[in-house]
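Below is one structure, written out as C-alpha cells; comments come after it.
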Amino acid sequence: MDSKFLKPYDHKAVETDIYKKWEDSGYFNPDNLPGERTESFSIVLPPPNVTGTLHLGHAAMLAVEDILVRFARMRGLKTLWVPGTDHAAIATQSKVEKEIQKKEGVNRHDLGRETFLKRVEEFAQASHDTIVNQVRRMGASVDWSREAYTLDDSRRRAVNEAFIRMHKAGLIYQGERIVNWDPKGQTVISDDEIVYREEKSKFYYFTYGPFTIGTARPETKFGDKYVVMHPDDARYAQYKHGDTLEVEWINGPITATVIKDAAANPEFGTGVMTITPWHSGIDFEIAERHKLNKEQVIDKYGKLLPIAGEFAGLKIAEAREKIVEKMREKGLLVKVDEDYVHNVATAERTEAVIEPQIMKQWFVAVNKEFERDSKQTTLKEIMRKAVESKNITITPDHFEKIYYHWIDNLRDWCISRQIWFGHRVPAWYKGEEIRISAESPGEGWEQDSDTLDTWFSSGLWTFSTLGWPEETADMRTYHPTSVLETGYDILFFWVARMILMSGFLLDTVPFQRVYLHGLVRDEKGRKMSKSLGNIIDPLDMIEKYGADAVRLSLIVGAAPGNDLKLSEDRIRGYKNFANKIWNIARFVLESGQAAGADSDATLAPEDEAIVEEARGAAQEAATHIDSFRLDLAADTMYQFIWHRFADAILEESKPLLKGPDAARAKSRAAALLQALEVLLKGMHPFMPFVTEEIWSSMPNTKDLLMVEAWPAKETV
RNA sequence: GGGCGAUUAGCUCAGUUGGUAGAGCAACUCUUUUACACAGAGAAGGUCACAGGUUCGAGUCCUGUAUCGCCCACCA
C-alpha cells in the first residue's frame, strides 16, 4: 500500500497534479475518448463575463455541469463540454471606464475609441486568465481545445451572419421607437437591463383648462397638447374625441385636443391625463394609436430643449421646482402630494434614472410574421412552441409557466447600443444609402458606430461555439446540445434568446433540456455582495477544504431551482467526508494486501452480495442524476459510503479478515476491493479529485478513473 | 396590480403514485479499541405555519388565511 495513506487526505498535495493528468490524457476532448462511442452528450458552459473573478454561483454551475459531464463520459457517451467567456459588452465597458475614471480622471471620450478599446481588451484578457484558472481549480472537465470567446473572430463571423440573415428576413429593422435611454451611460439599454427602484417623490396636480391633471414630472409637460380620458368615463362624457380647446399652460396658451383611450384609468387621480409621447412608453403607444404628434422635450444629456422656453438648457432636477413655482404663480397649481411612492426605472450598470426617448435604433421584431416551412410564424411563436412541444424541457417545470408569461409580454428587442466594446452593427452608410454587410462595401462607406447588445452574440452560443455558420462535424455531432444549465436569473436574458436564435437560424432548439440551479446565498439567506461583506470566495474555500468539498457543499441540499444557503461549516463537513473515503481506501487496501487478495478474484456469494449492494447504490445515484436530482444522487452515495459501507460493512468484515479462515478472509478482502472500485466510480462525478487519487493506488487499474465505465448492476 | 414559490428537529434541507416523520451540521453522553478523533457508539430533539375539507387514513390532495421570498407590469 502506498505510504501516502498513512497521513490524512491532503487536497493541496494532489489536486493540481490530478487536473494536469486529466488534461494531459486528452480525454476532455471527445475525439480522444477510448472505446466506440456513438451517442453524444454536449453542454456549452454559460460563458462567465470577463468582468473579474468567479463567485460561488459560478462554482455551483461548474460543479453541476461537471457532474453531468463526467457521468455521461463514464456512461460511454461521446461527451463534449465547451468552455468560453463572454465579453459582456456594457458590463465590462462600464467597469473599465469607472476604473480609469477613478485612477486617471479621464473618460472614454478623452481616450478615444481605439485607445479605450485597447484598455478594455487588456482588462478582459487579465480577467479571462483568472477565470480560466478558477475553472481548472474546480476540476471542470471542459475541452480547452475548443475554448471560445463571444468577441473572437470565429464568433464575429457568426454574429454578422446571424444579423444579415435576420435582416434579410425582415426580422431586424431600424426604427424610430421609444427606447430606454441611459443619460449617464449615453446608451440605449434593453428592458431587461432596467432595475426599478422605489422612490418617494412629490406628485403635482395642475389645472389644465377645465381639467385637473397629475404628474410627478412637470419638466416633461411643455408639449402636452393632448388630454386623454377613458371613453366610458361618464364625468367627461360632454367632451368628444377630437374636440379642441384653448388652455393656459406653462409658457402661455396652447390648443389641446381631447383623446378618448382605454389606457386612461378612471380610478387614478382625476381620470384625466395629458401625454408626453416622446418620454413615456405608455404615452407613446397612445400617440401611435391615434397618430398624434410627438415632440422631444429633454435631450440625451437630460437637459430641457428650447420647447421649454425660459427653462431651456436646465437639467431636470433644477427645472422641476422652478416650473412648479411658475405654475403656482400663475394659479395653475392645485395641490402637491408630498408622499407619492412610485418605482423609478434606473440603469442596471450606471444606476442613472432612465429617460425614455424616441430614437432610431436597431430592433429584432418578435411579432412580425414570416414564412417557415410554408407556414406563417413569428419569433415569439417559435420561442413558445419550442417549450410547448416538449422539444425543450425546463427543470424545475414551474419555470415553464414563468417562461410563457415572459414570452407573452415580450416586445421588440432593441439590439443596438451606443457603446464601443462589442460587435459593431454590420450596417454601412454612404449618404442616404445603407447596406448590410460584414465587410465594407467599398470606398466612402462608413460603418454604423453602434455595437450590438451582448445577448445578441451570447444568443448564438450553443452553435457559434461549434463552428456555425460553417457546416462542421461538431455541428452535426453536438447540436442541439443535451443540457443547458444555468441560474434561473438569466432565464429570460439568455435562455430565451438562444431559443429564438437557434429557432430562426437553424430551425431547431439549441438544447433539449434546461436545468436551472438556484442562487447561492450566505447562511442567513442574503445575497452575497461586496457591500454586505459576506462574499465567500470559492478559491479561498478550495484552498482550505479542497475542490471536492466545495463541490459537494454546493450540490447536496440544493434541489433544482432552489436557492442554497451556504456556510463554511457545511464545506468543512464534506472535507471530512473526503478524508473518510481516504481512510476507507487505506483500510481496504491494507486488508487486501494482508490477505493476498486480488480485486478480480471470484467471490463467495455473500461477498459478491457486498459488491452488488455497492452497484445498487451507484445505480440509485444514476437514476437520480437522470432526473436531475443531483442533490439526491450525491446524498445517496454519501450515505452509502459512510453509513453503510464504512460503518456497517467494514466493521462486520474486521473479524473475518483477522479470522483463522484464510480463504474466507481473502474472498472478503477481494470483495471490499471490488466494492471500493464501484464506489470510487459512483462518487467520481461528485468528488473527482480524491476518487481519482485513490484510484491511482488501486491494484489492477489501467486507465484514469474518469474514463472508467459507470458501474451497472449485474442482476436486474 | 398580475403571476410563481416557500413554510417539516436549534440551523440547512430531503420526504418520489396519500399508509404511524428522515439526513447533515450544531448541541449532549460515553469511547483515544491498529482505517479514520477530519473518528466511533449512544441518547435527545418535530401539533410537518394556521383553519377547514376529501379519505378508513393527509407532511403529501382540495379550499381559505398568515408570514417570507422571487418574477413580471409600472398608473400619468
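Just so it is clear, the values below take in all heavy atoms, side chains as well, and ignore hydrogens, waters and symmetry mates.
The gap from the C1' atom of B/A6 to that of B/U17 amounts to 23 Å, rounded to the nearest Å. Atom P of B/C74 sits at a distance of 35 Å from the matching atom of B/U12, rounded to the whole Å. Between the C1' atoms of B/U7 and B/G59, the separation comes to 11 Å (whole Å). The separation of B/C48 from B/G22, taken at their C1' atoms, amounts to 12 Å, rounded to a whole angstrom. B/U60 and B/U55 have their C1' atoms separated by 13 Å, with the value rounded to a whole Å. Across the C1' atoms, B/G5 and B/U29 are found 42 Å apart, a figure rounded to whole Å. Rounded to a whole angstrom, the distance from the C1' atom of B/A44 to that of B/A27 is 10 Å. Here the separation of B/C72 from B/A9, taken at their C1' atoms, is 37 Å to the nearest Å.
For the residue pair A/K4 and A/S697, a side-chain donor N or O sits within less than 3.5 Å of a side-chain acceptor on the partner. No hydrogens or angles considered: nothing links the side chains of A/W278 and A/D283 as a donor-acceptor pair under 3.5 Å. Using modelled atom types, one finds a donor on one side chain and an acceptor on the other under 3.5 Å when comparing A/E485 with A/H517. Under 3.5 Å, the side chains of A/H11 and A/D548 contain no donor-acceptor pair of N or O atoms.
Using a 4.0 Å cut-off between a side-chain N of Lys or Arg and a carboxylate O of Asp or Glu, A/E351 and A/R197 do not qualify as a salt bridge. Under the 4.0 Å criterion applied to side-chain N and carboxylate O atoms, A/D261 and A/R289 are assigned as salt-bridge partners.
The CG atom of A/D191 sits 11 Å away from the P atom of B/C72 (whole-angstrom rounding). Counting to the nearest Å, the P atom of B/C70 and the OH atom of A/Y196 are 17 Å from each other. Rounded to whole Å, atom P of B/C72 lies 13 Å from atom CZ of A/R411. Rounded to an integer number of Å, the gap from CG of A/L516 to C1' of B/C70 is 14 Å. Taking atom OH on A/Y403 and atom P on B/C4, their separation rounds to 18 Å, with Å as the unit. If you measure from atom NE2 of A/H342 to atom P of B/G1, you get 18 Å, rounded to the nearest angstrom. Per the geometry, OH belonging to A/Y404 stands 17 Å off C1' belonging to B/C71, to the nearest Å. In this entry the distance linking CD1 of A/I394 with P of B/C4 reads 16 Å, nearest Å.
Put simply, A/R217 has no side-chain N or O that comes within less than 4.0 Å of OP1 or OP2 on B/C74.
A/L632 comes within 4.0 angstrom of the backbone, heavy atoms only, and of no base. Across all strands, A/R197 comes closer than 4.0 Å to no nucleic acid atom at all (heavy-atom distances). Here A/K7 lies out of heavy-atom contact (under 4.0 Å) with every strand. Counting non-hydrogen atoms under 4.0 angstrom, A/G271 reaches a base of the nucleic acid. Among the atoms of the strands shown, none is found under 4.0 Å from any heavy atom of A/S280. Residue A/D635 is out of contact with every strand shown, counting any heavy-atom pair closer than 4.0 Å. Nucleic acid contact for A/I282: sugar-phosphate only, since backbone atoms but no base atoms lie under 4.0 Å from a heavy atom of the residue.
In the interface, the side chain of A/D569 is not paired with the base of B/C25 through any donor and acceptor atom under 3.5 Å apart.
Comparing atom distances between the A/H398 side chain and each of B/C13, B/C74, B/G5 picks out B/G5 as nearest. Here B/C25 is the nucleotide among B/C25, B/C74, B/A35 with the atom lying nearest to any side-chain atom of A/Y638.
Of the two residues contacting RNA chain B, namely A/A585 and A/R570, the nearest-nucleotide position lying further toward the 5' end is that of A/R570. Along RNA chain B, the nucleotide nearest to A/F5 and the one nearest to A/I275 differ in position, and the one closer to the 5' end is contacted by A/F5.
Other residues, nucleotides and ligands contribute more than 12 heavy atoms inside 6.0 Å of the CZ atom of A/R235.
With the 3.5 Å cutoff on both pairing distances, Watson-Crick and G-U pairs in RNA chain B assemble into runs of at least 3 at B:1-7 with B:66-72, B:10-13 with B:22-25, B:28-31 with B:39-42, B:49-53 with B:61-65.
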For residues 631-638 of chain A, which side-chain N or O atoms pair as donor and acceptor with protein atoms under 3.5 Å away, sequence neighbours left out?
{"residue": "A/D631", "atom": "OD1", "partner": "A/R629", "partner atom": "NE", "Å": "3.0"}
{"residue": "A/D631", "atom": "OD2", "partner": "A/R629", "partner atom": "NH2", "Å": "2.9"}
{"residue": "A/T636", "atom": "OG1", "partner": "A/L632", "partner atom": "O", "Å": "2.7"}

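Aromatic rings of A/Y488 and A/F399 (six-membered ring for Trp) have centroids within the 6.0 Å cut-off, being under it.
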Item to check | Nucleic acid footprint by protein, nucleotides 36-41 of chain B - heavy-atom cut-off 4.0 Å, B for base, S for sugar-phosphate alone | outcome: B-BSSS
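Minimum interatomic distance between A/P266 and A/H230 (heavy atoms only, all atoms of both residues): CG-CB, 3.8 Å. A/R570 and A/K565 make their closest contact through NE-O, 3.9 Å (heavy atoms, listed as atom of the first residue, atom of the second, distance).
Inter-residue side-chain proximity for A/P356 and A/F284 is flagged as unmet; no heavy-atom pair is nearer than 4.5 Å.
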